[in-house]
Protein chains: 2
Amino acid sequence: MIGHIKNMAEVLKALGDEKRLKIIKIFASNNNETFCVSDVANQLDISQPATSQHIKILKNIGILEENRRGFRVFYKINSDVLAEYRNDIDELFKTTFEKCQYNFSCDKCPYNNKSLSEKSSNAY
Amino acid sequence: MIGHIKNMAEVLKALGDEKRLKIIKIFASNNNETFCVSDVANQLDISQPATSQHIKILKNIGILEENRRGFRVFYKINSDVLAEYRNDIDELFKTTFEKCQYNFSCDKCPYNNKSLSEKSSNAY
DNA sequence: AATATGTATAAGAGAATGCTTATGCACTTA
DNA sequence: TAAGTGCATAAGCATTCTCTTATACATATT
């Protein structure tokens, strides 16, 4: 549960891009590891580095997990994180009309995760 | 129901900003029209024009409705649109692992709303 | 009508974003 | 060990975003 406006904004922003949403769906249908990064790049009609950069953003919020197979890298969805965000966002909508307990002083809010990238195995 | 990646990205992007999320919550608690635009600007510690620009983005996706009272303007949440987006986003998560029927050719998808701003009474 | 108040729009500056090409890195294979 | 393959990172560029100040617009008040 992140439940905090600042973090929610970060997640929503990461998801708020057409190509990244497509990347998620492509990797979601990637159970047999059919698509590697270059395949996705072709599907999206952008370069491989551009694809890697989008993937990085999705890894940073923990939604994608790396799975290297030789010199190819496959990605899959972290279902737990996905489910968590699904809940958090729904909660955000559900509590829209409830007053913020900390009056938007995000720094004082216990739900304020310093960095969402801690969810990522590639946290630095 | 928008149910389309391209439109979903637009909505998520509009919501993917800390200040805009705060604006939503502030206006959500604005039943008695306590806060006008300038009040919100003060709360967010940005200028009034910056606030108006954020509001415009939220109006464009239909989440905010204008209510002019004299020379002040108050805003309130359009609960129907909010509920719709809540559903759409939840659907997006729920169907993450389902294959896109149109193989991401958004132009062919019947759910592809040309412009979300049609939801706005200020559509142009 | 003239003035006052509050909001929206315009214009411009600086930061952030998303792309490209070039290159380095990880791993495989001959 | 050397060459090949695919991904990540670096650097640079164009575009978009978010802010500011200045100004136009809408409404109320005197």
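The chains referred to below are lettered A, B, ... by the order of the sequence lines, with proteins before strands, and numbering in each begins at 1. Keep in mind that what you see is a predicted model, and the values were worked out from it rather than measured.
Regarding A:Asp39, its CG atom lies at a distance of 15 Å from the P atom of D:dT5, rounded to whole Å. Computed from coordinates, the A:Glu18 CD to D:dT16 P distance equals 14 Å when rounded to whole Å. Atom CG in B:Asp45 sits roughly 8 Å away from atom P in D:dT20 (whole-Å rounding). Here the P atom of nucleotide C:dT7 and the NZ atom of B:Lys59 are 12 Å apart, to the nearest Å. In this structure, B:Gln48 atom CD and C:dA8 atom C1' are separated by 7 Å, rounded to whole Å. Between the P atom of C:dG18 and the NZ atom of A:Lys56 lies a distance of 13 Å, rounded to the nearest Å. If you take CG of A:Asn67 and P of D:dA8, they are 12 Å apart, rounded to a whole angstrom.
The line from OH of A:Tyr85 to CD1 of B:Ile89 is 15.0 Å long, rounded to the nearest 0.5 Å. Rounding to the nearest 0.5 angstrom, the gap separating the CD atom in A:Glu98 from the CG atom in A:Leu92 is 11.0 Å.
Using a 4.0 Å heavy-atom criterion, one finds that A:Arg20 contacts the sugar-phosphate atoms exclusively. Counting any heavy atom pair closer than 4.0 Å across all strands shown, A:Tyr75 reaches sugar-phosphate atoms only and no base atom.
Put simply, the side chain of B:Gln53 and the base of D:dT20 share a donor and an acceptor less than 3.5 Å apart.
Side-chain N or O atoms of A:Arg68 include none that pairs as donor or acceptor with a backbone N or O of A:Phe74 at under 3.5 Å.
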